[in-house]
2 protein chains.
Amino acid sequence: AAQVRGLTKVYGSGQAEVRALDGVTLDFHERQFTAVMGPSGSGKSTLMHCCAALDRATDGTVVVGGTDLASLKDKQLTRLRRDRIGFVFQSFNLVPTLTARENILLPMSIAGRKPDQEWYDLVIDTVGLADRLDHRPNELSGGQQQRVAVARALVSRPSIVFADEPTGNLDSRSGAEVLSLLKRSVDEFGQTVVMVTHDPVAAGYTDRVVFLADGKVVDELRQPTA
Amino acid sequence: AAQVRGLTKVYGSGQAEVRALDGVTLDFHERQFTAVMGPSGSGKSTLMHCCAALDRATDGTVVVGGTDLASLKDKQLTRLRRDRIGFVFQSFNLVPTLTARENILLPMSIAGRKPDQEWYDLVIDTVGLADRLDHRPNELSGGQQQRVAVARALVSRPSIVFADEPTGNLDSRSGAEVLSLLKRSVDEFGQTVVMVTHDPVAAGYTDRVVFLADGKVVDELRQPTA
Ligand SMILES: Nc1ncnc2c1ncn2[C@@H]1O[C@H](COP(=O)(O)OP(=O)(O)OP(=O)(O)O)[C@@H](O)[C@H]1O
Ligand SMILES: Nc1ncnc2c1ncn2[C@@H]1O[C@H](COP(=O)(O)OP(=O)(O)OP(=O)(O)O)[C@@H](O)[C@H]1O
Ligand SMILES: [Mg+2]
Ligand SMILES: [Mg+2]
């Protein structure tokens, strides 16, 4: 699904230089639920953004669905992101002037596509937002906004989903609903999901955990249990 | 420290009415570390905002430090918030154009006050931001931004601190640092801290847990252990 080779992302220069990623090499396997864990500031969000074509690396390569991201022009990158990649942002990034429903359907409406009705109903029902769809983000609780962001990433059924801490603002029950949904989209619908998390319980839902520290991969765990 | 009586907050009206708080009555005790837990959407953030004078309730009373918030005019409320209350927002609410240091010192500079240098150093050191003070929020990771928000609330050593999910974006080690700092400000410096959290481990640091559901208090736990 995605191959990362020698990925490096440097911010600033000289004294102020920050090596957010420092030569990361790893694979995200097709139809697997992979967790990415590591200390605050270790490069997890940066890794997600580079893999999802939301940011350009300083060095190294990212291949998604057989395509080297560096070979794509901006227009092609935009189309790849829109059609094949789902992204849940750590800070939600919802459009404040749109309702929850409009936010959830936005990527597909831009692409001129309609969602599969059954899948849409399942996602909305599972994240528990049915009675909040007409509200705008500032009328929603933190956890409700996060669930809108999750639904938005899943509804278009992208081949690969990058979820940056999708349950950080959720109580254990809503969190479990979201995690089962993510696991289900992998096990039943063949999607590939990569999830950044700080929560060992969330990691327990995945097939494999990759650990980052100081911008590098430092460890890996197969079949984690909480 | 704070007494809440019959607190009600209603959004919308008629069919669209949402009772975010529905007759909440409870006390936050002086020099205690209280946790507020409950499902996503149960009213935790709304309760924090009403108690911290960031929002006006529909009904009921909030008394903070002996003062009925409803008796204060806007200017007096602003001064109370600035001088006596510290607040950590669920979505951080940092000023994007200011550096971490400027964000942390902002409430005090507005009040024309300087922080206690030893306390300032302790807070900065404990939240682990010493090498990030000159960066702006968009140059910081999610967890780093959250730690800036925590430091901002604590540095002025307010008599009461309301922290809305202060460790939601932190790995277990940074989270433990923040929680020990909050506990320390209660045990050693006599502050009152009220913390919304979804994390049982975080609740384990507190003296008492209050549970909300559907805008009401439904349960309470003394001396919780994770
Ligand atoms: N402006 C608003 N208009 C309508 N409903 C609102 C508004 N603001 C908040 N609400 C609703 O009030 C309820 C309580 O929200 P609140 O943010 O207090 O929940 P919370 O317990 O903090 O949830 P979370 O754990 O997800 O952060 C939610 O159902 C939310 O949708
Ligand atoms: N624009 C920038 N300029 C300078 N440094 C940056 C910039 N963006 C990110 N960083 C730094 O890069 C490092 C990695 O950030 P990243 O957001 O990937 O961490 P993270 O693992 O997601 O952390 P968290 O768990 O706190 O969300 C951090 O130390 C951060 O301060
Ligand atoms: Mg991050
Ligand atoms: Mg909240």
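Under the 4.5 Å side-chain criterion, counting only non-hydrogen atoms from C-beta, B:Glu139 is not in contact with A:Val18.
Residue A:Gln144 touches chain B through both its backbone and its side chain, counting heavy-atom pairs closer than 4.5 Å. Residue contact with chain B, scored on non-hydrogen atoms closer than 4.5 Å, involves the side chain of A:Ser174 exclusively.
Counting non-hydrogen atoms of other residues, nucleotides and ligands closer than 6.0 Å to CG of B:Asp214 gives a total of 12 or fewer. More than 12 heavy atoms of other residues, nucleotides or ligands lie within 6.0 Å of CZ in A:Arg82, so this atom counts as buried by the packing criterion. Other residues, nucleotides and ligands place no more than 12 heavy atoms under 6.0 Å from the CZ atom of B:Arg173. Under a cut-off of 6.0 angstrom, the local environment of CZ in A:Arg136 is sparse, with at most 12 non-hydrogen atoms contributed by other residues, nucleotides or ligands.
Minimum interatomic distance between A:Asp171 and B:His198 (heavy atoms only, all atoms of both residues): CA-ND1, 3.2 Å. When all heavy atoms of B:Gly41 and A:Ser141 are compared, the closest pair comes out as N-OG, 3.7 Å.
Across B:Gly143, B:Ser40, B:Gly142, the residue that shares the most heavy-atom pairs under 4.5 angstrom with chain A is B:Ser40. Comparing A:Gln90, A:Gln146, A:Lys44 by heavy-atom pairs within less than 4.5 Å of chain B, the highest count is held by A:Gln90.
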